Amino acid sequence: MNWRDIDAKWQARWEEGRDFEAEPDRREKKFITVAYPYPNSPQHLGHGRTYTIADVHARYCRMRGYNVLFPMGFHYTGTPILGMARRIKDGDPEVLSGLRDIFGVPDDAIATFVDPMKIADYFRAEIRRGMIEIGYSIDWRREFTTVDPAYRRFVEWQVLRLRDRGLIGRGSHPVGWCPADGNPVSQHDTMGDVEPSFTEYDVMLFKSGGRRIPVATLRPETVHGATNIWANPDVEYEVAAVDGEEWIISKECAAKLVHLGRDVEPRGTVRGSELVGASAEPPHGGPPVPVLPARFADPGTGTGLVMSVPAHAPYDWQALADLGGDDLPEPVTIIETEGLGDCPAREACERLGIKDQDDRRLEEATSEIYGKEFYGGRMTGACGDLAGMRVAEARDAAREGLAVPWRLLELDAEVKCRCGERCVVRVLDDQWFLNYGDDAWKRDAASCLGAMEVLPPAIKQEFPRVLEWLRERACARQRGLGTPLPWDGDWIVESLSDSVIYMAFYVVARFVGAGEVSPDELTPGALDHVFLGIGDPPSPAISRMRDEFLYYYPVDSRHSGRDLVPNHLTFFVMNHAALFPREHWPRQIVVNGSVLMDGKKMSKSMGNIVPLRAAVAEHGADPVRLATLLSAELLQDADMDMGAVPGISKRLEALLGSCGPGGAGPGAPAAEDRWMLERLRRTVLAATSSMEGMRLREALRAVLFDIESDLQWWRRRSRSKGKEPDPSIERRVLEARVLMLSPFAPHAADEMWERLGGGGTAARSPWPEPGGAADGAAASSEGLVSGTMEDIARILRTTGMSPSRITIYAAGARARAAYQAILGAAAGGGADMKSVMRGLLAGAETAWVKKDPGFVQKCLKEVLSETAEARADRLAAGPLDEAAILRDELAPLARAEFGAEIEVLEAGAPGIRDPRGKAAHARPFKPAILVE
RNA sequence: GCGGAAGUCGCCCAGCCCGGUCAAAGGCGUAGGGCUUAGGACCCUAUCUCUUAGGAGUUCGUGGGUUCGAAUCCCACCUUCCGCACCA
């Protein structure tokens, strides 16, 4: 099957018909957007998932009659492309082979990649081609990149207005930093892509003569239990004036303090061994403590000097034990914790059998006590002001009162910049940030979220949590592609901050693209008019932009991967709430999971990346789209199985093969025909409801698979009666299926539609309506037939008989009357045996059950174990003439399939043949069966 | 730690939102049969236990609870995976 020809044929038609170009008209609109791609590589199957889901949504909405705007842009902002250009310049073999071997980028293109813009432009074109080839219904007239002059005007407007509202501030902010480059480093900038995470220590100053001995700690509240200070005897410490006071610190610490913005002036050195024996006064004014030697005191951690709290810190207890001798300080217990004894550190060391201070398990002991005491501990009376507080409170109080007013920040592990330099933590004190911690702002955002639909619903609760912990966030950085802050050209608006309200820009982009408005005209005042309706329009074009904005805004649906929930999607909500009036706040967010390949994340190093264009070229657009959508429901991570693609392709091909001009039917529908139409009606209903909830896989399964098995049964039934399935019914089903398939597999569906002679394209036809009322009788009657077939088959299987004659005893009229009464009772909620019996005995037609309560018992059990739908069907249908149905419908089928003579009798009719006394067991929907 | 997701019949995985059609779809594996010179591919049948009449029993991480009825709802616990900020 050559899908590529069909893909190309329909893509050309759509383009010719400008099917996806959207402009305001009288219809109701839907504005559907997806997070635009970052063009630092071609897209792979994983990227394709989000876009495919959004495209299906857009196409579905078009079929529902909406004027759908589905645009696309490209996110150039940020540093990764910059880093990539640098690595290509350096001839990094990993990057080069990735481009060449995985993505097949030609060498002459790679040669230009030393220029980051060339990289972005190349992949932008590549991604756009791919999106067209897979059939996304995008209005390309609105395409832009985030470094286009017009977009820059837009971002400038955005940050200016945010600043006007007092939401952009300036402050100090710690970052991972490369001293050689003089730049902040993020994960993308480090060797091995290590995230530069850091720990914040409090610094407490012990006094020793005129000098200060600073110690760094995570537990300032334990200072009351400090019995000594540890110095490493083999380390040469530095004596330095820090912020004007003379401190003793390790050389490493001195270097860190400089980056943290402290004023450090070296004055000399002192060996650790020389410090031993000195005495130091703790900051809370307690009795002086001695300095003692310990080799675990690491000059690279903290200040290189350690406060010793032997009762609660296993390292400290162990170092004292290692020291030995008589005149050592006694541990002071300052925290009582349920489940821990007097001296938790000693107990932990003894339990783990720790030998000396070099034992690695001390880490384990430390974190265990740390956690237990923090959550369950209370300060004892030995703690001065802190006595009686819970540890968590005491920590804050101690920090407030006893530690220096800044924190010592330190990288958790060694991080190296790609340039090879060892990174440090630096505090930038002129960092621009967005104040996402602002309470009033958060309240607006929460209100926006509350009114918004989030699909799947399960993920909605995640957003308020994110809002809760959100605080200031740096919104500008010093390098990368993007837009400079209008008031401070040294800074570039950071990539997550310049992409929060850009959906509004799609409206404008069309006018810029068509040359109707120049970037220079997009002044802050003009944009105020377009987006906020402030002031008079400076030109007719600006006025039209305003009209178009009013038509398309707000965003009706925002699609994105779930990894963007804690950042982009939340910022999207926050920024809309900050800048736009309530009626322009977004209405829906749709979140999808990621894509796995053979159970693993796609990554270059694993070599399991499948480029989207390659997959489409090999399998065709629709099979790839379907495989992506079928592999998982929205929120689940989709484990792509490329092995399933040929099967999907075959199924589409078979469906296509069945599309022809069709023929007329005999007119009056038979029982199985009525059933088939009822199944179709219910499938349309179910698929529509699935679509509304973006449960695309569910919808697709209904259209592709569920109907198929219904059709099989229907054909079997038709043929058992010695006739061909009614072609007019077949066609009605097929038309509905093709239409419902269209959002998912648009090329194949249009091809099928053409072969059906449907007129126009499937994509431009309306989504099918269920039509008509429920036909409970058809559903129930067919249920009787299939249920009885199953019962016969089951009997044959357990007995191993090959039957020559099967006699079926249908329930008689009085049994059916009782059954209806039981159904009614169950529907009314009075489904207990007692009240059911009482009701039956009161009815003239049903009083006979007095002699056979077992019948009622069984019927009741069966009724209760049917689905609500089946119960409603049976109740609505009223008593069925089961003997007639079984004779006309079941008998031919059973005869054909079991190769036996079939006789249908009505139980209770006079003189019937009943050699084994089976007839008495007949119940409605459960006829008695005799196999001979 | 905080937040989120998940644990299903040998394996993978559907079902859970909306309780009953659920001994629980589908795929893989396994067994038997068909086809074939053979292998593969393909097709059919079986695949929790018991059962020569459509049945019964025990199952959906563990333990409770709600209900006439729980894989599905509620509570607790155990285990695994993911995110936690200046980065797209």
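Since the structure is predicted, the reported quantities are computational estimates derived from the model, not experimental observations. Residue numbers begin at 1 in each chain, while the letters A, B, ... track the order of the sequences.
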Asker: So, E932(A) and R805(A), do they make that salt bridge, N to O below 4.0 Å?
Answerer: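 Salt bridge present between E932(A) and R805(A).
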Asker: For the C1' atoms, the ones on rU21(B) and on rU80(B), what distance do you get once it is rounded to whole angstrom?
Answerer: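 That atom pair is separated by 34 Å.
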Asker: Side chain of R465(A) only, heavy atoms from C-beta on: which candidate in rG4(B), rG20(B), rA88(B) is closest?
Answerer: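 Shortest atom-to-atom distance from the side chain points to rG4(B).
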Asker: Which whole number of Å gives the distance between the P atom of rC22(B) and that of rC16(B)?
Answerer: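 Here rC22(B) and rC16(B) have their P atoms 13 Å from each other.
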Asker: Between the protein and nucleotides 14-18 of chain B, which nitrogen or oxygen pairs are less than 3.5 angstrom apart?
Answerer:
from    : atom 1 : to      : atom 2 : distance (Å)
rA14(B) : O3'    : R697(A) : NH2    : 3.0
rG15(B) : OP1    : R697(A) : NH2    : 3.0

Asker: Look through every strand shown and name the nucleotide pairing with rU67(B) as Watson-Crick or G-U wobble, where both distances are under 3.5 Å.
Answerer: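 rU67(B) is unpaired by these criteria.
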Asker: Select one nucleotide: of rA88(B), rA85(B), rG54(B), the one nearest the side-chain heavy atoms of I795(A).
Answerer: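 For the I795(A) side chain, the nearest candidate turns out to be rG54(B).
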Asker: Report yes or no: do D563(A) and H568(A) form a side-chain donor-acceptor pair below 3.5 Å?
Answerer: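 Checked: D563(A)/H568(A) side chains show no N/O donor-acceptor pair below 3.5 Å.
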Asker: Measure from the side chain of H75(A), starting at C-beta and using heavy atoms only, and say which of rA53(B), rA88(B), rG4(B) lies closest.
Answerer: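 Of the options given, the side chain of H75(A) lies nearest rA88(B).
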Asker: Choosing from rA53(B), rA88(B), rC86(B), which nucleotide comes nearest the side chain of A474(A)?
Answerer: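 For the A474(A) side chain, the nearest candidate turns out to be rC86(B).
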Asker: Would you state whether a donor and an acceptor, one from the side chain of D791(A) and one from the base of rA53(B), lie under 3.5 Å apart?
Answerer: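 No, no donor-acceptor pair under 3.5 Å.
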Asker: Is a donor on one side and an acceptor on the other found under 3.5 Å between the side chain of Q43(A) and the backbone of G48(A)?
Answerer: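 No, Q43(A) side chain to G48(A) backbone: no donor-acceptor pair under 3.5 Å.
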Asker: Taking only residues two or more places apart in sequence or in another chain, which ones pass side chain to side chain contact (heavy atoms under 4.5 Å, CB included) with A870(A)?
Answerer: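 Here the qualifying residues are E866(A), T867(A).
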Asker: What is the distance from NZ of K460(A) to P of rG3(B), rounded to the nearest Å?
Answerer: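 For the pair K460(A) NZ and rG3(B) P, the rounded distance is 20 Å.
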Asker: Any strand is fair game: report the nucleotide pairing with rU58(B) by Watson-Crick or G-U wobble, both distances under 3.5 Å, or none.
Answerer: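 Its partner: none found.
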Asker: Rounded to whole angstrom, note down the P distance from rG19(B) over to rG64(B).
Answerer: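 So the two P atoms sit 24 Å from each other.
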Asker: Can you tell me the distance, in whole Å, between the CD1 atom of I792(A) and the P atom of rU52(B)?
Answerer: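 Roughly 21 Å, once rounded to whole Å.
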Asker: Compare the minimum distances between each of rC87(B), rG4(B), rG55(B) and the side chain of K926(A), then state the nucleotide with the smallest one.
Answerer: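 The listed nucleotide nearest to K926(A)'s side chain is rG55(B).
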Asker: Checking only heavy atoms, does the side chain of R477(A) share a donor-acceptor pair with the base of rC86(B) at less than 3.5 Å?
Answerer: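 It does not, because no donor-acceptor pair links the side chain of R477(A) to the base of rC86(B) below 3.5 Å.
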Asker: Check every atom of rG54(B), rA53(B), rA5(B) against the side chain of R562(A) and return the nucleotide holding the closest atom.
Answerer: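 Of rG54(B), rA53(B), rA5(B), rA5(B) is nearest to the side chain of R562(A).
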Asker: Calculate the interatomic distance between L823(A) atom CG and rU21(B) atom C1'; express it in whole Å.
Answerer: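 L823(A) atom CG is separated from rU21(B) atom C1' by 15 Å.
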Asker: Have a look at P927(A) and say if it touches a base, only the backbone sugar-phosphate, or nothing, with a 4.0 Å heavy-atom cut-off.
Answerer: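 Here P927(A) touches the bases of the nucleic acid.
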Asker: Counting Watson-Crick and G-U wobble pairs only, both distances under 3.5 Å, name the nucleotide matched with rU21(B), or none.
Answerer: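 Its partner is none (no Watson-Crick or G-U wobble pair with both distances under 3.5 Å).
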Asker: Let's go through F571(A) and Y436(A) carefully: what are the C-alpha distance in whole Å and the side-chain angles of both, what is the deciding distance for ring-ring contact (aromatic ring centres under 6.0 Å, His included) to 0.1 Å, and is it a yes or a no?
Answerer: CA-CA 9 Å; F571(A) 302 156; Y436(A) 284 137; 4.6 Å; yes
Asker: Quick check against the 3.5 Å criterion: does H921(A) have a side-chain atom that pairs as donor or acceptor with the backbone of K918(A)?
Answerer: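 No.
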Asker: Using purine N1 to pyrimidine N3 plus N6-O4 or O6-N4 for Watson-Crick, or N1-O2 and O6-N3 for G-U wobble, each under 3.5 Å, what pairs with rA53(B)?
Answerer: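 By the stated definition (distances under 3.5 Å), nothing pairs with rA53(B).
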Asker: Tell me which of H921(A) and E462(A) sits closer to the 5' end of RNA chain B, going by the nucleotide each one is nearest to.
Answerer: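 So the residue in question is E462(A).
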Asker: Using both distances under 3.5 Å as the test, list the Watson-Crick or G-U wobble partner of rU79(B), or none.
Answerer: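 Its partner is rA6(B).
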Asker: Report the residues that fulfil side chain to side chain contact (heavy atoms under 4.5 Å, CB included) with A922(A), sequence neighbours left out, ordered by chain and then residue number.
Answerer: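 So A922(A) forms a side chain to side chain contact (heavy atoms under 4.5 Å, CB included) with Y809(A), A907(A), A928(A).
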Asker: Could you measure between the two P atoms, the one in rC48(B) and the one in rC11(B), and give it in whole Å?
Answerer: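 It works out to 13 Å between them.
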Asker: Any strand is fair game: report the nucleotide pairing with rC16(B) by Watson-Crick or G-U wobble, both distances under 3.5 Å, or none.
Answerer: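 Paired with no nucleotide.
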Asker: Out of D438(A), N435(A), L434(A), which one pairs with E472(A) under the side chain to side chain contact (heavy atoms under 4.5 Å, CB included) rule?
Answerer: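 Filter result, single survivor: N435(A).
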Asker: Can you check whether S499(A) has a side-chain N or O nearer than 4.0 Å to OP1 or OP2 of rA88(B)?
Answerer: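 Answer is no, no contact under 4.0 Å.
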Asker: Roughly how many Å apart are rC74(B) and rC87(B), using the P atom of each and rounding to a whole number?
Answerer: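 Straight-line distance between the two P atoms is 41 Å.
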Asker: Let's test this: given Watson-Crick or G-U wobble pairing with both distances under 3.5 Å, identify the partner of rA31(B).
Answerer: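 Base-paired to rU45(B).
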Asker: Just how far, in rounded Å, is C1' of rC86(B) from NE2 of H568(A)?
Answerer: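 Rounded to whole Å, this separation is 16 Å.
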Asker: Round to a whole Å and report the spacing from OH of Y436(A) to P of rC86(B).
Answerer: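 Checked: the OH to P distance equals 14 Å.
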Asker: When all nucleic acid strands are considered with a 4.0 Å heavy-atom cut-off, which category describes E472(A): base, sugar-phosphate, or nothing?
Answerer: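 Base, at least one base heavy atom under 4.0 Å.
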Asker: With P as the reference atom in both, quote the distance from rG57(B) to rA71(B) in angstrom, rounded to an integer.
Answerer: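 Here rG57(B) and rA71(B) have their P atoms 14 Å from each other.
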Asker: Which residue, K918(A) or P566(A), contacts RNA chain B at a nucleotide closer to its 5' end, judged by nearest heavy atom?
Answerer: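 That would be K918(A).
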Asker: Are the charged groups of E462(A) and R562(A) less than 4.0 angstrom apart, N to O?
Answerer: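 Salt bridge between E462(A) and R562(A), a charged N being under 4.0 Å from a carboxylate O: yes.
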Asker: Between rU47(B) and rA38(B), how far apart are the two P atoms, rounded to whole Å?
Answerer: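 Each nucleotide's P atom is 29 Å from the other's.
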Asker: Rounded to whole Å, how long is the line connecting atom CG of L630(A) with atom P of rC13(B)?
Answerer: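 So the CG-P distance, L630(A) to rC13(B), works out to 17 Å.
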Asker: When the C1' atoms of rA24(B) and rU59(B) are considered, how many whole Å apart are they?
Answerer: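 About 10 Å, rounded to a whole number of Å.
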Asker: Contact class for T788(A) (heavy atom, under 4.0 Å): base, sugar-phosphate, or nothing?
Answerer: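 If one applies the 4.0 Å heavy-atom cut-off, T788(A) turns out to touch nothing in the nucleic acid.
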Asker: Only one of I168(A), D490(A), V493(A) clears side chain to side chain contact (heavy atoms under 4.5 Å, CB included) with W432(A); which?
Answerer: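 That would be I168(A).
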Asker: Round to a whole Å and report the spacing from CG of L930(A) to P of rU52(B).
Answerer: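 Rounded to whole Å, this separation is 19 Å.
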Asker: To the nearest angstrom, how far is E790(A) atom CD from rA23(B) atom P?
Answerer: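 The distance from CD of E790(A) to P of rA23(B) comes to 12 Å, rounded to the nearest Å.
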Asker: R916(A) has a side chain; which of rG20(B), rG4(B), rA53(B) sits nearest to it?
Answerer: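 Per side-chain heavy atoms of R916(A), the pick is rA53(B).
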Asker: Under 4.0 Å between a side-chain nitrogen and a carboxylate oxygen: does that hold for R682(A) and D873(A)?
Answerer: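 Salt bridge between R682(A) and D873(A), a charged N being under 4.0 Å from a carboxylate O: yes.
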Asker: Go through rA88(B), rA53(B), rC86(B) for me and flag the one nearest to the L564(A) side chain.
Answerer: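 For L564(A), the side-chain atoms sit closest to rA88(B).
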